[in-house]
Structure formats: structure tokens, C-alpha cells
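First listed ligand is number 1; within each ligand, the first listed atom is number 1. Keep in mind that the numbers below use all heavy atoms, side chains included, and drop hydrogens, waters and symmetry copies.
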Amino acid sequence: MTVRVGILGATGAVGQRLVELLAPHPQFEIAALTASESSADSAYRSVAKWRTGSPMPESVADMMVSPTEPVAVSDDVELLFSALPSSVASTVESAFCEAGYLVSSNSSNERMAEDVPLVIPEVNADHIELLEIQRDERGWDGALVKNPNCSTITFVPTLDALSAFGVERVHVATLQAVSGAGYDGVSSMEIIDNAIPHIGGEESKLESESRKLLGSFDGSSLSLDPVDVGASCNRIPTLDGHLENVWVETTESMTVDDVREAMERYPSLPLNSSPDPLIYVLDQPDRPQPRLDRNRGDGMAISVGGIRESTFGIQYNCLAHNTIRGAAGASVLNGELLLKEGYL
Ligand code: NAP
């Protein structure tokens with residue numbers, strides 16, 4: 001039997017990816033699509049400026065888009081995937097949770113709240129148990145789970161793969177695709193023939209979210225990991241796929257071969273959207289590259305290359321598809337975890 005699900009912000013860049021991933025999903029059935037007032041009460045095909053590169057699934061094309069409010073979504077929908085701007089999500093998501101819905105969200109609001117699990121299932125599936133505390137504290141029948149920022153998702157699994165060596169200090173520089181800013185995010189006049197060494201608020205998200213993801217949950221509270229992370233974020237004129245240069249200093253020494261082996265052995269999970277292998281190591285020194293490597297594992301794998309010893313510990317480059325592994329696919333994976341753990 002499939003679970004009836006809805007997508008909040010279904011017309012946007014991440015919302016469209018959610019439609020693309022959920023339409024053929026064996027465990028979920030799309031039963032509601034919502035967007036802003038200007039798109040509501042229209043057929044999805046007439047208001048979604050479809051740009052994913054694959055055809056719009058016929059099963060959703062004629063569905064009516066609803067306004068983003070609990071009364072507009074049918075009671076038999078159990079799980080909502082949220083791809084709303086955080087300014088909207090900060091009030092709307094809690095209203096849905098209060099009304100009894102489970103919400104798996106991409107938006108940055110509440111990611112660092114103590115009672116909100118911030119989850120990459122392959123890294124910290126056990127943090128989902130924070131939902132019991134959240135429900136007690138907030139009195140919700142529903143619940144809210146978050147996935148991290150798209151750039152955080154790209155490098156944190158690689159750090160977790162190296163945890164046996166004692167990861168102490170990390171520097172990460174990102175080269176982020178334009179789709180990460182949404183359709184109206186960066187104008188073509190700004191980005192063509194250019195690189196922009198600033199993405200508002202992004203560095204602090206990488207620095208704080210990574211410590212929460214790698215932190216430990218003892219059943220009653222979550223402790224942040226003590227790792228020091230310093231980030232620098234850049235927007236470049238690629239369409240999809242965030243590339244990151246990472247320097248890792250550890251308490252135990254590690255060789256290039258140790259790193260390669262740890263990455264290759266890092267386990268995937270028995271969830272529908274978890275790719276095997278999760279981390280794909282490339283030998284060529286000029287890989288990974290966004291155009292060549294972003295679709296590995298149906299866009300859910302993380303590619304790593306250029307592993308070498310450097311003045312600041314081990315250095316490597318990693319890459320993930322920002323709207324799939326970094327956003328829509330990450331929320332779907334969290335939905336699959338909720339299902340596996342009996343929350344649905
Ligand atoms: P987007 O393309 O701008 O889409 C925003 C969506 O929200 C649209 O469906 C829009 O509907 C809807 N919306 C806007 N204002 C609304 C309102 N007042 N009430 C109800 N719905 C409203 O944004 P995006 O890039 O998909 O990002 C969505 C969220 O995911 C953001 O929080 C973003 O930070 C996060 N995220 C994005 C990425 C990425 O790679 N793009 C990665 C990780 C996380 P209309 O079409 O009707 O305006």
C-alpha cells in the first residue's frame with residue numbers, strides 16, 4: 001500500500017524535483033500540490049514552469065494546485081514534502097504539524113532548533129528519535145524533520161566516512177550551481193562570464209549544520225560535534241551540481257589510500273533512494289565535474305576525487321546534485337526513513 005503525500009511549494013525548482021522523484025515512487029502517491037496564491041486553483045501544468053529536463057509526469061499535470069494552508073489539504077494525506085522559501089515555511093510548516101501532518105522539509109528555518117531532527121539518513125538516522133521530544137514539547141500530532149542545506153549535504157557524509165581518524169578541523173570552499181538559488185535567484189546578467197564569491201548566510205549554515213549532523217543523540221538531548229568547520233561559498237555559472245574543495249585535519253594520521261578505502265566502504269542504507277555506493281571515488285585528477293558526475297546514482301550519490309596529502313591535512317574534491325541529493329531527494333529519503341521507523 002502506498003502513503004498519500006503532498007508537496008508544499010510544488011511549482012518551484014525543488015518542488016519540481018520532488019514531483020519528478022515522487023511520481024514513480026513505489027511507496028508514495030502524490031495526492032496534493034500547493035504553491036502561492038498566484039498559482040492556486042489552477043492546473044499544475046499551467047502554473048509550473050517545468051524545467052527539470054524530463055517530461056512533466058502525466059499523473060500530476062492536470063492536478064489542481066491548492067493554496068498552502070492545512071484546510072486546503074485532504075486529511076488522508078499523511079506526509080508533506082516542503083520546498084517553500086524559509087520566510088514562508090517558518091509559519092506555514094508549524095501550522096501543518098499542529099494540524100497533524102508529518103512534514104519533511106528543505107527550508108532552512110528551524111534546522112538548528114534543539115528538538116528538530118536535521119537528518120541525512122546514511123549519517124545520523126538515529127536523530128529521528130528527537131521527534132518524540134518535539135511532539136511532547138510542542139504538543140503536535142504531526143512532526144517536523146529537516147534536511148540540511150545542499151552544500152552541507154555534499155561534504156558531511158565524506159567527513160563521517162573519516163570519523164575513525166578523528167576529524168578535528170575542516171576547511172571547505174564551494175562552487176555552487178545557479179539552480180541552488182531557485183528560478184528567480186541569480187540573474188543571467190550577473191552570473192554569465194562570472195563567479196560571485198558570496199552567497200548570503202551560506203557559510204554559517206555549512207559551519208553549524210555539519211556539527212549538528214555529526215553530533216550525538218543520547219535519547220534525551222543532542223550534543224554538537226566539536227569539529228571546527230570553516231567555509232567559503234561561491235556561485236558559479238553551472239546549472240546543477242555543487243562542487244566543493246575540502247581540507248581535513250585529523251588526530252590520527254591517514255594516507256591517501258586510507259581515505260579512499262574509508263570513502264568506498266562508507267555504507268548506504270536499505271532505503272529506496274539511498275544509492276549503493278553512496279560515495280563514488282574517482283581516480284582521474286580532474287574529477288568530479290558537475291556536468292559529468294552530478295547524475296551518478298540517479299543524482300543521489302556523492303562523487304569524490306583528487307585525494308592528496310596537503311599542507312593542511314588531506315585534501316579532496318566532492319560533488320553532489322544540489323536539487324536531488326542536496327534538496328528534493330534528501331527530503332524523500334527522510335520520508336522513507338519516517339516510513340521505515342513507523343511514523344507513518
Ligand atoms: P523557488 O524555485 O523559488 O520555489 C518556491 C516555491 O514556493 C514555489 O512553489 C512558490 O510558488 C512557493 N511559494 C512562494 N511564496 C509562497 C507563499 N507566500 N505561499 C505559498 N507558497 C509560496 O525555490 P526553490 O529553489 O525551489 O527552494 C525552495 C526551498 O528549498 C527554499 O527554502 C530553499 O532555500 C530550499 N533549498 C533549495 C535548494 C536548491 O538547490 N534550490 C537546495 C536546498 C534547499 P509560486 O510558483 O506560486 O510562486
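- Looking at V88 against ligand 1, only its side chain comes within 4.0 Å, counting heavy atoms.
- Atom CZ in R111 sits 7.0 Å away from atom OG1 in T152 (nearest 0.5 Å).
- Side chains of N322 and D240 form a contact here, defined as non-hydrogen atoms less than 4.5 Å apart.
- Closest heavy-atom approach to atom 14 (C) of ligand 1 among the candidates P85, P148, S151: P85.
- Each of the atoms 8 (C), 9 (O), 10 (C), 11 (O), 45 (P), 46 (O), 47 (O) of ligand 1 lies under 4.0 Å from some heavy atom of T11.
- For the salt bridge (charged side-chain N to carboxylate O under 4.0 Å, His left out) with R138, the lone residue among E132, E98, E93, E110 that qualifies is E110.
- Protein heavy atoms are found less than 4.0 angstrom from atom 6 (C) of ligand 1.
- Put simply, atom 3 (O) of ligand 1 has no protein non-hydrogen atoms near it, under 4.0 Å away.
- Interface atoms of ligand 1 facing S86, defined by a heavy-atom separation under 4.0 Å, are 32 (O).
- Every atom of ligand 1 with a heavy atom of T68 under 4.0 Å away is listed here by number and element: 20 (C), 21 (N).
- R51 forms a cation-pi arrangement with Y183, by the criterion of a distance under 6.0 Å to the ring centre and an angle within 45° of the ring axis.
- Considering backbone and side-chain N/O atoms, C150 never comes within less than 3.5 Å of an N/O atom of ligand 1.
- Atoms of ligand 1 lying under 4.0 Å from any heavy atom of Y183, numbered from 1 in the order shown and given with element: 2 (O).
- Within a 6.0 Å sphere centred on CG of D298, other residues, nucleotides and ligands contribute 12 heavy atoms or fewer.
- Below 3.5 Å of separation, one finds an N or O of A13 facing an N or O of ligand 1.
- Surrounding CZ of F165 are more than 12 heavy atoms belonging to other residues, nucleotides or ligands, all under 6.0 Å away.
- Between S108 and ligand 1, a contact under 3.5 Å exists for no N or O pair.
- Annotation: L84 places an N or O atom under 3.5 Å from an N or O atom of ligand 1; distance criterion only.
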**Message:** Run the salt bridge (charged side-chain N to carboxylate O under 4.0 Å, His left out) test on E58 and R45 for me, step by step, so that the C-alpha distance in whole Å, both residues' side-chain angles and the decisive distance to 0.1 Å come before the verdict.
**Reply:** CA-CA 9 Å; E58 276 304 316; R45 73 161 89 234; 3.7 Å; yes
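- A 4.5 Å side-chain heavy-atom check between E69 and V92 finds every atom pair outside the cut-off.
- There is a protein heavy atom closer than 4.0 angstrom to atom 18 (N) of ligand 1.
- When G182, S179, S107, G9 are ranked by how near their heavy atoms come to atom 41 (N) of ligand 1, first place goes to S179.
- Using a 4.0 angstrom heavy-atom cutoff, N149 does not count as in contact with ligand 1.
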**Request:** Begin with the C-alpha distance, continue with both residues' side-chain angles, and end with the deciding distance and a verdict on salt bridge (charged side-chain N to carboxylate O under 4.0 Å, His left out) for E20 and R17.
**Result:** CA-CA 5 Å; E20 192 177 54; R17 286 287 182 201; 2.8 Å; yes
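- In terms of N/O distances under 3.5 Å, ligand 1 is not approached by G326.
- The shortest N or O to N or O distance between T323 and ligand 1 is not under 3.5 Å.
- The N/O atoms of S39, backbone and side chain alike, include one that comes under 3.5 Å of an N/O atom in ligand 1.
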